[in-house]
Amino acid sequence: MLDSPDYLSLTCPARAVLIEIARGHDGTNNGRLGLSIRRASERCNIARGTAQRAFVELQERGFIDCMTKGAFSRKVMHATEWRLTWWGCDVTGELSSKRFMSWGREKQNAVSEYPVANQSQRAA
C-alpha cells in the first residue's frame with residue numbers, strides 16, 4: 001500500500017494523520033479508532049486547520065471512513081471514530097473496501113469536455 005500511487009499522492013500532513021489513526025489499531029478495534037482533529041494536530045505537530053484538511057483528504061481518497069462523529073456536546077467528550085478501509089470493520093463486520101485503490105481511476109478514462117483541435121485546424 002505504501003508504494004501505491006494513491007498513497008504517494010497524499011500530502012505529508014495526510015500521511016502523518018493516517019499513521020496516527022493506524023497507530024491506534026490493535027487488531028480488533030477497526031471502526032472504533034478514535035482520533036480528534038485537536039489530538040491529530042498535537043500528535044503530528046500541525047495546525048488544526050491542516051489536520052482538518054488531512055482528515056477530509058483521507059476520506060475523499062478512500063483511506064478512512066467516519067464511523068461515529070465526535071462532539072463536545074456530550075457529557076463525556078468523544079472523539080470521532082474512524083475505520084481504515086484496507087481492513088475489515090470490527091464494528092459492522094463489513095469487508096475491506098480498499099476504496100483508495102480506485103481513487104483517480106475515473107479521471108484516467110475521462111473524455112475532455114473540450115475537444116482538442118487537430119494540427120490542420122490550428123494552422124487556419
Side-chain angles (χ1 to χ4, degrees):
M1 181 189 78
L2 298 179
D3 290 328
S4 73
D6 310 299
Y7 177 80
L8 295 174
S9 73
L10 292 173
T11 61
C12 289
R15 290 183 194 187
V17 170
L18 183 61
I19 290 170
E20 288 304 316
I21 295 170
R23 284 183 71 211
H25 187 254
D26 66 7
T28 62
N29 65 341
N30 195 26
R32 293 184 305 268
L33 300 168
L35 186 64
S36 66
I37 292 172
R38 179 180 299 203
R39 183 76 173 141
S41 71
E42 292 169 357
R43 298 286 306 208
C44 299
N45 198 24
I46 56 178
R48 287 185 191 163
T50 304
Q52 183 175 7
R53 286 188 297 277
F55 278 111
V56 170
E57 181 179 350
L58 291 170
Q59 288 179 85
E60 286 176 350
R61 305 255 177 121
F63 284 91
I64 61 173
D65 288 328
C66 178
M67 298 298 291
T68 306
K69 185 78 174 147
F72 283 113
S73 59
R74 295 182 177 188
K75 289 191 183 232
V76 178
M77 287 193 307
H78 175 72
T80 300
E81 292 181 330
W82 304 96
R83 176 179 86 94
L84 300 168
T85 60
W86 63 87
W87 285 317
C89 183
D90 296 318
V91 175
T92 63
E94 184 181 339
L95 297 175
S96 63
S97 66
K98 297 182 183 174
R99 287 186 307 114
F100 60 90
M101 296 299 280
S102 61
W103 179 84
R105 302 292 187 273
E106 66 277 357
K107 294 179 185 173
Q108 291 177 350
N109 297 327
V111 177
S112 175
E113 183 178 331
Y114 303 100
V116 178
N118 62 26
Q119 293 295 332
S120 61
Q121 288 175 337
R122 288 187 190 160

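The basis for the numbers below is simple: all heavy atoms, side chains too, and nothing from hydrogens, waters or symmetry mates. Sequential numbering from 1 along the given sequence is applied to the chain's residues.
Put simply, CG on L95 and OG1 on T85 are 12.5 Å apart, with the number rounded to the nearest 0.5 Å. The CH2 atom of W86 lies 12.0 Å from the CE atom of M101; values are rounded to the nearest 0.5 Å. Atom SG in C89 sits 8.5 Å away from atom CG in D65 (nearest 0.5 Å). To the nearest 0.5 Å, atom CH2 of residue W82 and atom CG of residue L35 are 8.5 Å apart. Separating the CG atom in L33 from the OG1 atom in T80 is a distance of 12.0 Å, to the nearest 0.5 Å. Residue R15 holds its CZ atom at 13.5 Å from SG of C44, rounded to the nearest 0.5 Å.
The shortest heavy-atom contact between G34 and A79 is C-CB, 4.4 Å. Across every non-hydrogen atom of H25 and T28, the tightest pair is NE2-N, 4.4 Å.
Proximity of a side-chain donor or acceptor of D90 to a complementary backbone N or O of N30 within less than 3.5 Å is detected. Within the 3.5 Å criterion, the main-chain N or O of R61 finds no donor-acceptor partner in the side chain of D6.
No side-chain heavy atom of E57 sits under 4.5 Å from any side-chain heavy atom of F63. The shortest side-chain heavy-atom distance between L84 and L18 falls under the 4.5 Å cut-off. Between I64 and F55, the closest side-chain pair of non-hydrogen atoms falls below 4.5 Å.
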With a 3.5 Å cut-off and sequence neighbours excluded, list the donor-acceptor pairs that the side chains of residues 46-53 form with protein atoms.
| unit_1 | atom_1 | unit_2 | atom_2 | d |
| --- | --- | --- | --- | --- |
| T50 | OG1 | R53 | NH2 | 3.2 |
| R53 | NH1 | G49 | O | 3.4 |

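Residue M1 is grouped with residue I21 when hydrophobic side chains (ILVMFWY) are merged at heavy-atom distances under 4.5 angstrom, including chains of intermediate members. M67 and F100 are not part of a single hydrophobic cluster, where members link through side-chain heavy atoms under 4.5 Å apart.
D26 CG: more than 12 foreign heavy atoms inside a 6.0 Å radius.
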Using side-chain hydrogen bond (donor to acceptor under 3.5 Å, both in side chains), reason through R83 and T92 one step at a time and then give a plain yes or no. CA-CA 10 Å; R83 176 179 86 94; T92 63; 5.9 Å; no

